[in-house]
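Inspection log for the structure reproduced underneath, given as structure tokens.
Quantities reported herein were computed from a predicted structural model and do not represent experimental measurements. Scope of the values below: all heavy atoms of this structure, side chains included, with no hydrogens, waters or symmetry mates.
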Amino acid sequence: MGRSRQQDAKLSDFLGPRYWPTWLGYGFIWCIARLPFAWQMAIGRGLGLLSYKFARSRRHICEVNIALCFPELAAAEQQKLVRDTFISNGIGVMEIGLAWCRNPEDFRDRVSATGLENLVAAQAQGRGVLLVSAHFSTIEFVGCLMSLLHPFDVTYRYHKNPLFDTLMKRGRQRFYGAVIERREVRYALRRLKEGHVVWYAADQDYGAKYSVFVDFFGTKAATITATQKFASFNNSPVIFLSHYRNPDNASYHLYFSEPLADYPSGDEHIDARRINELIEEAIRKEPTQYIWLHRRFKSRPPGMPDLYQQKAVDSSNNEAP
């Protein structure tokens with residue numbers, strides 16, 4: 001299948017009252033995107049702090065993830081990492097508006113890259129390139145900035161709100177070669193066969209059916225096996241992308257690795273663990289910029305307890321003020 005379900009949707013299809021909250025949210029980020037950049041970052045920081053205070057279920061998920069992945073940190077250090085993660089995600093919301101509502105050329109002077117020549121050389125082989133990364137809060141804006149450096153396609157997960165899905169896809173279609181819903185496997189493979197760069201985030205939990213359980217920061221996590229399957233289809237080179245918001249909160253840097261040697265190996269567990277190791281290394285450089293707010297350990301090996309429910313009981317009597 002080469003077309004997603006919302007590709008032909010018109011914005012006029014979404015004028016009913018059920019979509020008004022989504023329109024209001026989109027209008028908010030559209031307006032904010034017109035403000036000076038420094039103002040947007042300040043608003044994002046404020047939004048992150050508000051979310052930290054009031055989005056308790058998400059804060060709980062974040063606390064569990066960070067406790068699991070950084071047990072060496074003291075409780076106060078973990079809580080600071082949680083708070084800073086929310087701030088980074090608040091800024092990321094502002095960056096979504098910049099990505100969807102502004103011209104990438106407005107921000108050319110804010111992006112720099114290391115290793116771009118690795119991507120160019122890999123694509124020159126003519127077998128397509130699988131560009132693998134993880135979900136950092138910068139991911140939406142970095143995609144916009146990356147389009148200034150090199151053409152590429154992107155995969156995404158369909159959103160259950162059809163208006164949000166349409167707005168998201170329209171925003172991305174302005175600067176991606178193709179926007180491929182994650183279930184459009186044949187379309188993605190065709191793009192690789194045609195020699196395109198396909199950007200693919202490999203760190204979400206899609207359930208045990210599509211995954212193997214391997215370590216992620218020392219805890220077994222359902223890790224998708226599609227990465228090695230995509231790479232083996234056309235013997236496409238695999239490059240790992242890491243991206244960060246610089247400490248000035250005003251510029252961004254992208255790192256393109258050399259093509260992974262001997263990947264895939266033929267062993268799903270070894271290959272999945274190797275990708276997780278790359279993601280761990282990227283996270284450790286800027287842990288607050290990773291999106292810890294999703295349930296990375298949602299799926300569990302048979303017989304293992306729900307980590308989030310278990311921790312909820314433990315943390316109920318120790319909630320931060």
Side-chain angles (χ1 to χ4, degrees), residues 1-9 99-100 103-105 111 113-135 139-159 165-166 168-204 206 210 224-243 254-266 268 271-272 274-275 278-279:
M1 181 172 65
R3 298 170 64 85
S4 76
R5 69 181 74 185
Q6 289 298 321
Q7 183 164 342
D8 298 321
W100 293 2
N103 187 332
E105 286 291 345
V111 60
T114 299
L116 182 60
E117 67 277 6
N118 296 329
L119 180 62
V120 174
Q123 189 175 23
Q125 298 177 25
R127 302 194 304 272
V129 179
L130 188 62
L131 187 63
V132 178
S133 72
H135 285 84
I139 191 168
E140 198 72 44
F141 193 41
V142 160
C144 166
L145 297 175
M146 192 161 62
S147 69
L148 298 169
L149 307 177
H150 196 84
F152 65 102
D153 301 337
V154 69
T155 61
Y156 84 107
R157 183 176 186 176
Y158 172 77
H159 196 279
D165 186 77
T166 299
M168 174 173 61
K169 189 166 185 179
R170 281 173 173 252
R172 292 171 174 176
Q173 282 174 331
R174 297 183 306 115
F175 42 84
Y176 297 142
V179 179
I180 307 167
E181 209 280 329
R182 68 183 178 92
R183 287 167 291 190
E184 298 175 330
V185 175
R186 286 183 292 174
Y187 186 27
L189 294 176
R190 189 173 81 224
R191 297 291 288 184
L192 284 173
K193 191 171 183 179
E194 292 170 351
H196 296 277
V197 177
V198 177
W199 184 18
Y200 175 76
D203 62 330
Q204 287 194 312
Y206 290 132
Y210 305 101
I224 51 179
T225 59
T227 310
Q228 48 267 54
K229 293 175 182 176
F230 275 118
S232 62
F233 169 73
N234 199 44
N235 195 25
S236 301
V238 177
I239 287 179
F240 187 80
L241 167 67
S242 51
H243 48 85
L254 288 66
Y255 298 85
F256 299 90
S257 76
E258 295 183 355
L260 304 188
D262 303 317
Y263 184 94
S265 69
E268 289 185 334
D271 291 339
R274 187 172 180 189
I275 295 298
L278 290 170
I279 294 173

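- Looking only at distances, a side-chain donor or acceptor of Asn103 sits under 3.5 Å from a matching main-chain atom of Glu105.
- Heavy atoms of other residues, nucleotides or ligands lying less than 6.0 angstrom from CD of Glu258 number 12 at most.
- When the ring pair (Phe, Tyr, Trp, His ring centres under 6.0 Å) test is applied to Phe175, no partner is found at least two apart in sequence or on another chain.
- Put simply, the side chain of Asn118 gets close to the backbone of Phe256: a donor and an acceptor are under 3.5 Å apart.
- Remark: His159 pairs with Phe164 by the ring pair (Phe, Tyr, Trp, His ring centres under 6.0 Å) rule, at least two apart or across chains.
- If you check the side chains of Gln123 and His150, you find a donor sitting under 3.5 Å from an acceptor.
- Closest non-hydrogen pair, Lys193 versus Asn234, comes out as CA-ND2, 3.7 Å.
- The two atoms that bring Leu192 and Leu130 nearest to each other are CD2-N, 4.2 Å, heavy atoms only.
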| task | Under the side-chain contact (heavy atoms from CB on, under 4.5 Å) rule, what do Arg274 and Leu260 come out as? Steps first, then yes or no, please. | result | CA-CA 10 Å; Arg274 187 172 180 189; Leu260 304 188; 3.9 Å; yes
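- One N or O on the side chain of Glu181 and one on the backbone of Arg183 form a donor-acceptor pair closer than 3.5 Å.
- Judged purely by distance below 3.5 Å, without hydrogens or angles, the side chains of Thr155 and Trp199 never pair a donor atom with an acceptor atom.
- Between the Asp271 side chain and the Gln228 main chain, no donor and acceptor come within less than 3.5 Å of each other.
- The minimum heavy-atom distance linking Gly128 with Ser236 is given by the pair O-CB, 3.5 Å.
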| message | Quick one, Val132 with Leu241, criterion side-chain contact (heavy atoms from CB on, under 4.5 Å). Give me CA distance, side-chain angles, the key distance, then yes/no. | response | CA-CA 6 Å; Val132 178; Leu241 167 67; over 6 Å; no
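- When atom types are taken as modelled, the side chain of Arg127 and the backbone of Asn235 share a donor-acceptor pair closer than 3.5 angstrom.
- Judged purely by atom type and a 3.5 angstrom limit, Arg191 has no side-chain atom pairing as donor or acceptor with the backbone of Val198.
- No side-chain heavy atom of Tyr255 sits under 4.5 Å from any side-chain heavy atom of His243.
- The two residues Glu140 and Trp100 have their closest heavy-atom pair at OE2-NE1, 3.0 Å.
- Contact between Ala122 and Ile239 at its shortest, heavy atoms only, is CB-CD1, 3.8 Å.
- A search for ring pair (Phe, Tyr, Trp, His ring centres under 6.0 Å) contacts involving Tyr200 returns Phe230, not counting sequence neighbours.
- Nearest heavy-atom pair, Thr227 versus Ala202, reported as atom, atom and distance to 0.1 Å: OG1-CB, 3.7 Å.
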